[in-house]
Amino acid sequence: MTDICAVILAAGEGRRLRPLTEHLPKALCPVGNVALLDRAMARVAALGIAGPADLAVNACYLGDQVVAHVGDRAHLSVEPGDPFGTAGGVALLKDWIGGRGVLVGNADAYLAAGEIPETSGRGEGGADGPAADIAELLEGWDGSTVRMLGVPGPPKEFGRHRFAGFSLLPWDLVERLEAVPSDLVRTTWRPAEREGRLEVVEYRGTYLDTGTPRDYVTANLHAVHHETLIGEGAVVTGSVEQAVIGAGAVVAGQVVRGVVWPGGEVLAGETLRDAVRVGRELTVAAD
């Protein structure tokens, strides 16, 4: 297998998640009390790709938060002005990539592995482990094709599949990318499809893009098996049912199928149902 590095895309705002993303960039929104970006980095690390020599993260919207969160765990690419998109963001990293194949992952992709046999040699299994369950995307790759992780549609975007957050790009196609706002769909994936160079590897776990409040809450509840998770230092004197309660949160009321961000509050007499609470007053319904 050709030499491979990884790029996690974390530059976007996540406009469909407003007003949540007025407080945090989408990549840092917690799912099961773990930032989406940390989930993506752990999944790539399970493949043996980690550290600033082999893993890069880009940042733009609320970029200072992303930079502080990543620290020295990865090479950082801070994009000037507005985000450069999925293709432009990779193009800005061409010098760092330096001739290698690139595993490109969306930080906001929620992936949850199905059970993986212990004899598979692919690392940790389980429904919510980082698991090298995307290892099949890399296995036997000769560096000449574009590989894409996919789940059965709808919508059917590539054959009978839709994109599931990760793709593998050969250097000759990365080298052609221009450092201008652009996306991988038009610059790379569709041309590779027309040339017969696109391979879709089916993902057998659960995939959500967390792009809407509904999918974001669904991902949180899936991550805790539709039970309840209470973060460190949270004080819960009310009732919780199928809930994710962040660190340091205070719940004196009722939470049902809800998410309370770290430090959030649900006051006595309040009911948070199918929604996200940030701070004391911001409530974003999952509809």
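All values below come from the heavy atoms of this structure, side chains included, with hydrogens, waters and symmetry mates left out. Keep in mind the model is a prediction, meaning the values are calculated, not measured.
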How far apart are the C-alpha atoms of Arg190 and Val185, what are their side-chain angles, what is the distance that settles it, and do they pass the side-chain contact (heavy atoms from CB on, under 4.5 Å) test?
CA-CA 6 Å; Arg190 291 302 184 194; Val185 177; 4.0 Å; yes
Is there a salt bridge (Lys or Arg N to Asp or Glu O under 4.0 Å) between Glu139 and Arg147? Walk through the geometry before answering.
CA-CA 11 Å; Glu139 289 174 358; Arg147 283 188 174 176; over 6 Å; no
Verdict with reasoning, Asp215 to Arg16, per salt bridge (Lys or Arg N to Asp or Glu O under 4.0 Å):
CA-CA 11 Å; Asp215 283 345; Arg16 292 180 298 161; over 6 Å; no
Before giving the answer on salt bridge (Lys or Arg N to Asp or Glu O under 4.0 Å), spell out for Arg73 and Asp38 the whole-Å C-alpha distance, their side-chain angles and the decisive distance to 0.1 Å.
CA-CA 10 Å; Arg73 293 184 292 159; Asp38 288 338; 3.0 Å; yes
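Under the 3.5 Å distance criterion, the side-chain polar atoms of Tyr61 are left unmatched by any main-chain donor or acceptor of Asp82. Asp142 contributes a side-chain N or O that, together with a main-chain N or O of Ser144, makes up a donor-acceptor pair within less than 3.5 Å. For Asp54 (side chain) and Cys5 (main-chain N/O), no donor-acceptor pair under 3.5 Å exists by modelled atom type. For the pair Arg43 (side chain) and Ala40 (backbone), a donor-acceptor distance under 3.5 Å is absent. Between the side chain of Thr145 and the main chain of Glu199, no donor-acceptor pair closer than 3.5 Å is present.
Nearest approach of Pro152 to Arg162, heavy atoms of both residues: O-NE, 3.9 Å. Val240 and Val251 get closest at one heavy-atom pair: CG1-CG1, 4.2 Å. The minimum heavy-atom distance between Phe163 and Glu157, with the atom names listed, is N-OE1, 2.8 Å.
Looking at heavy atoms from C-beta onward, Leu149 lies out of side-chain contact with Tyr207 at the 4.5 angstrom threshold. Looking only at side-chain heavy atoms (C-beta outward), Val276 and Val217 come within less than 4.5 Å of each other.
Tyr216 contributes atom OH, which lies 8.5 Å from atom OG1 of Thr210 (distance to the nearest 0.5 angstrom). The CH2 atom of Trp96 lies 10.5 Å from the CG atom of Leu76; values are rounded to the nearest 0.5 Å.
Residues Thr283 and Arg277 bring a donor and an acceptor atom of their side chains to less than 3.5 Å of each other.
The number of heavy atoms from other shown groups lying within 6.0 Å of CD (Glu22) is above 12.
Using a 30° and 60° split on the angle between ring planes, Tyr110 and His222 fall in the perpendicular class, above 60°.
Under the 4.5 Å side-chain heavy-atom criterion for grouping Ile, Leu, Val, Met, Phe, Trp and Tyr, Ile49 is not connected to Val174 through any hydrophobic cluster.
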